[in-house]
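Following: one structure in structure tokens, then a few remarks.
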Amino acid sequence: MTATLLALDTATEACSAALLHEGHLYHRAEVIPRLHAQRLLPMIEELLGEAGISLAQVDALVFGRGPGAFTGVRIATGMVQGLAFATDIPVIAVSNLAALAQRAWREQGAEQVCAAIDARMDEVYWGCYHLQDGVMTLAGEESVSAPEQVSLAAPLTAPAGAGTGWQYAERLAVSVSASWPQMLPDATDLLSLALPAWRAGQLLDAADAQPVYLRDKVATPKVG
């Protein structure tokens, strides 16, 4: 059975949507800071119209769950939750760092990638990935830190760098074979990462579709 998956991503300056239906890929992407909320629903409608299907025919909704810009991550999360609640379609959450690594492999052939996104406040979100069966797989943990605290996780030995965090290349404590600091996550790669989860039945209910900011890990818990 071929899955029909709809993927949305708004975690960075890029706004993208991708639809996989009967083995065909339909795609929209624009770099439109602060306009994601206005464009996302029209993109979805365009893709469904192009494929000639309704939202009810989608098997699962996929979204970039972060890390990324707080407002951006919330837009995709909120859109997916709303659509999932309305249609009872299950959800798959995918890391934006993993999506970056997947794009670096798709476009550049990089099989080891240190993905990094500018987190502002003089920090980067980062994670190390290596290719396994065509899917970028996390080595170690995803983290947020100062560029100088980025480290290489085993089994990576000679990775490439992908993402806006690599504008700090001279400060990042990892040497890479090549880097693409202009690369942004794209919904196409969310689909590639979501397919194994779909096949394995790793699906979420709408209420469980939550963003991941990474900074939550270091937040001081409220007492009382």
Quick check against the 3.5 Å criterion: does [X] have a side-chain atom that pairs as donor or acceptor with the backbone of [Y]?
| X | Y | answer |
| --- | --- | --- |
| Gln112 | Ala158 | yes |
| Thr4 | Asp59 | no |
| Thr164 | Asp118 | yes |
| Arg106 | Ser192 | no |
| Thr87 | Ala56 | no |
| Trp166 | Cys114 | yes |
| Gln102 | Met136 | yes |
| Ser95 | Leu97 | yes |
| His27 | Leu47 | no |
| Glu142 | Leu214 | no |

Item to complete: Test side-chain contact (heavy atoms from CB on, under 4.5 Å) on Met79 and Ile44 and set out the steps.
Response: CA-CA 10 Å; Met79 179 68 74; Ile44 294 169; 4.0 Å; yes
Which heavy atom of [X] sits nearest a heavy atom of [Y], and at what distance?
| X | Y | result |
| --- | --- | --- |
| Leu100 | Gly163 | CD1-CA, 3.8 Å |
| Ala84 | Ala206 | CB-CB, 3.5 Å |
| Ala139 | His130 | CB-CD2, 3.9 Å |
| Gly127 | Leu138 | CA-CD1, 4.5 Å |
| Val144 | Ala119 | CG2-CB, 4.2 Å |
| Ala17 | Leu8 | CB-CD2, 3.9 Å |

Response to the item:
Asp133 meets the side-chain hydrogen bond (donor to acceptor under 3.5 Å, both in side chains) criterion, sequence neighbours left out, with none
Nearest 0.5 Å, what's the [atom1]-[atom2] distance between [X] and [Y]?
| X | Y | atom1 | atom2 | answer |
| --- | --- | --- | --- | --- |
| Leu190 | Arg103 | CG | CZ | 11.0 Å |
| Trp126 | Ile117 | CH2 | CD1 | 13.5 Å |
| Ile32 | Thr10 | CD1 | OG1 | 10.0 Å |

Worksheet item: Can Asp9 and Asp186 be said to form a side-chain contact (heavy atoms from CB on, under 4.5 Å), step by step?
Response: CA-CA 7 Å; Asp9 186 62; Asp186 188 273; over 6 Å; no
Hydrophobic cluster identity match, [X] and [Y], side-chain contacts under 4.5 Å:
| X | Y | value |
| --- | --- | --- |
| Val58 | Phe63 | yes |
| Leu19 | Ile92 | no |
| Val73 | Tyr125 | yes |
| Leu172 | Leu152 | yes |
| Trp180 | Leu184 | no |

Item to complete: With the side chain counted from C-beta on, respond yes when Glu46 and Arg39 share a heavy-atom pair under 4.5 Å apart, and no when they do not.
Response: yes
Worksheet item: Tell me, do Thr12 and Asn96 make a side-chain contact under 4.5 Å, heavy atoms counted?
Response: no
Discussion item. As a test of understanding, state which of Leu203, Asp205, Leu204, Asp208 forms a side chain to side chain contact (heavy atoms under 4.5 Å, CB included) with Pro90.
Written reply: Leu203
Discussion item. Set out, in order, the CA-CA distance, both residues' side-chain angles and the distance that settles side-chain contact (heavy atoms from CB on, under 4.5 Å) for Gln167 and Gln182, then state yes or no.
Written reply: CA-CA 8 Å; Gln167 65 187 302; Gln182 304 306 315; over 6 Å; no
Item to complete: With sequence neighbours excluded, tell me which residues meet salt bridge (charged side-chain N to carboxylate O under 4.0 Å, His left out) with Arg74.
Response: none
Discussion item. If you count every heavy atom of other residues, nucleotides or ligands that lies below 6.0 Å from Glu107 atom CD, does the total exceed 12?
Written reply: yes
Fill in: Tyr168 versus Glu148, side-chain donor and acceptor atoms under 3.5 Å
no
Worksheet item: Given Ile89 and Leu83, is the side-chain contact (heavy atoms from CB on, under 4.5 Å) satisfied, shown in steps?
Response: CA-CA 8 Å; Ile89 295 173; Leu83 295 175; over 6 Å; no
